[in-house]
Amino acid sequence: MKRQRVAIVEIAPVIAEGMATILGRTASAEVVGIYRSIGEVIPHIAAGRVDIVFASVALYRQLEECSELDDIAVVGIQSALYGEDILRRFNAIVTIHFSAEDIERTLNDTITAPAERSYSDSHELSERERDVLILVARGLTNKEIASELNISPHTVISHRKNIVHKTGIRSVAGLTVYAVLNKLIDSEQL
Amino acid sequence: MNKSINRAYLAPLSPQMKIFELVERAPSVLSIFSRLDIRLPFGDISVAEMCEREGYTTELFLALCSIHASEGFRPDTEALSEDILPEVISYLRASHRYYAEKMLPHTSEHLQEILEHCDALSRSMLRRFYDDYMEYIVNHFLEEEEHLFSIIDSASTGKADLSILDVPHADIDDRSNDIASLIFKSLPEDAPTKLRIVTLEHIYALRDDLRRHNSVERYILKPLVDKYLQKK
């Protein structure tokens with residue numbers, strides 16, 4: 001996999017350096033710079049030198065003001081409590097209590113299937129997400145699900161990301177058990 | 001607040017520390033004694049004295065304890081000699097036995113107690129999910145042991161394949177979290193809460209221990225094998 005060029009935007013040097021060290025050790029990231037404000041990183045994004053931004057959640061107002069960030073994944077670095085309305089402005093969140101493995105996994109998840117910023121507050125599955133979950137439990141691939149529901153594979157990936165977020169379950173086997181226990185699917189349909 | 005106590009807790013673990021002091025500071029290291037079958041000393045001896053008595057390298061023992069005390073700890077492998085590789089592998093094998101013979105079956109017993117209170121469908125689905133999870137972990141260990149043996153055998157000829165050590169235990173971690181989520185969110189309400197809590201505690205303890213095991217492989221075993229091969 002191509003190494004993703006990550007820019008870190010964080011005011012606290014300890015957090016910025018720590019995050020840079022952890023990301024630098026992963027196989028999938030290369031840290032291209034540490035910046036103290038969103039404004040400092042914009043020229044590098046515009047020049048195509050950055051693939052993903054890791055930015056302090058405290059800078060969420062700056063994030064809103066920069067349309068240059070609309071087409072790039074932004075992972076929030078959370079070091080204090082924030083409401084869901086603020087956190088959902090980021091594609092994913094890492095907290096300062098995350099282990100190195102959790103940070104690496106969040107990075108990889110963001111690379112492979114960036115969630116939409118602004119996901120729903122509700123932890124209830126939407127009707128469409130239930131449809132996708134049932135087909136996942138029946139063993140269909142993303143492409144097959146897309147064809148069955150007449151949506152794009154990218155949208156399927158986005159729904160699956162939301163399903164994982166809402167159920168807390170990642171594996172297909174686990175999602176299948178979830179679907180049966182929650183009576184979304186009859187065990188005979190498996 | 002007593003500042004000297006705070007500083008002591010931030011200090012690295014040392015060979016001069018008394019064993020009781022070590023355990024008092026990081027009770028999770030007790031499981032290392034258990035998996036290495038180390039006799040708890042009579043009276044109060046130092047870490048170095050105990051390691052000498054038991055035939056373990058003090059620096060390695062302290063690195064293992066430090067990882068167990070703090071998941072984010074990264075040992076200085078420059079200070080460790082590649083000559084201790086057999087000792088590292090012996091620890092990892094003992095750890096595999098500890099999971100296979102103790103932690104996984106214990107968690108399974110607690111899960112079974114909950115399942116007795118569930119309907120037949122929930123019981124069979126969750127039972128199968130946990131059994132698959134156990135089998136997956138044990139098979140993963142077997143595969144690792146084959147590779148670890150091959151490292152010892154082939155390191156001398158410089159052909160060791162270390163790729164398996166680059167793979168984090170992400171799948172295992174995911175499955176541990178999946179089981180916890182299912183027990184937490186999807187069991188019928190008549191499954192007794194106390195049993196659910198005890199089982200969740202076991203599952204999270206297993207997950208956290210496996211993460212530390214993974215750290216030992218990635219941050220002690222792998223650098224030492226690399227070091228050995230570079231010197232060949």
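In what follows, chains carry the letters A, B, and so on, assigned in the order in which the sequence lines appear, proteins first and then strands, with residues in each chain numbered from 1.
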Check: B/Ser215 and A/Glu101 side chains under 4.5 Å, non-hydrogen atoms: yes
Pairwise distance CG(A/Asn182) to NZ(B/Lys185) - rounded to 0.5 angstrom: 10.0 Å
Residue pair B/Ser181 / A/Gly168: nearest heavy atoms and the distance that separates them: OG-O, 2.9 Å
Which of B/Leu187, B/Leu182, B/Leu126 touches chain A most, by non-hydrogen pairs under 4.5 Å: B/Leu182
B/Asp132 side, atom CG; A/Ser171 side, atom OG - distance, nearest 0.5 Å: 10.0 Å
B/Phe184 atom CZ, neighbour heavy-atom count above 12 within 6.0 Å: no
Shortest non-hydrogen contact between B/Met125 and A/Thr176, atoms and distance: CE-O, 4.2 Å
side-chain hydrogen bond (donor to acceptor under 3.5 Å, both in side chains) contacts touching residues 59-70 of chain B (sequence neighbours left out): B/His68-B/Tyr91
Straight-line distance of B/Leu121 CG to A/Lys183 NZ, nearest 0.5 Å: 7.0 Å
Approximate separation, where rounding is to 0.5 Å, of A/Ile169 CD1 and B/Asn177 CG: 10.5 Å
Pairs where residues 32-55 of chain A contributes a residue and the test salt bridge (Lys or Arg N to Asp or Glu O under 4.0 Å) is met, not counting sequence neighbours: A/Lys2-A/Asp51, A/Arg5-A/Asp51
Carboxylate-amine/guanidinium proximity below 4.0 Å for A/Arg170 and B/Asp173: no
Heavy-atom closest pair, residues B/Ser186 and A/Tyr178: OG-CD1, 3.3 Å
CZ-OG1 distance between B/Arg74 and A/Thr21, expressed to the nearest 0.5 angstrom: 11.5 Å
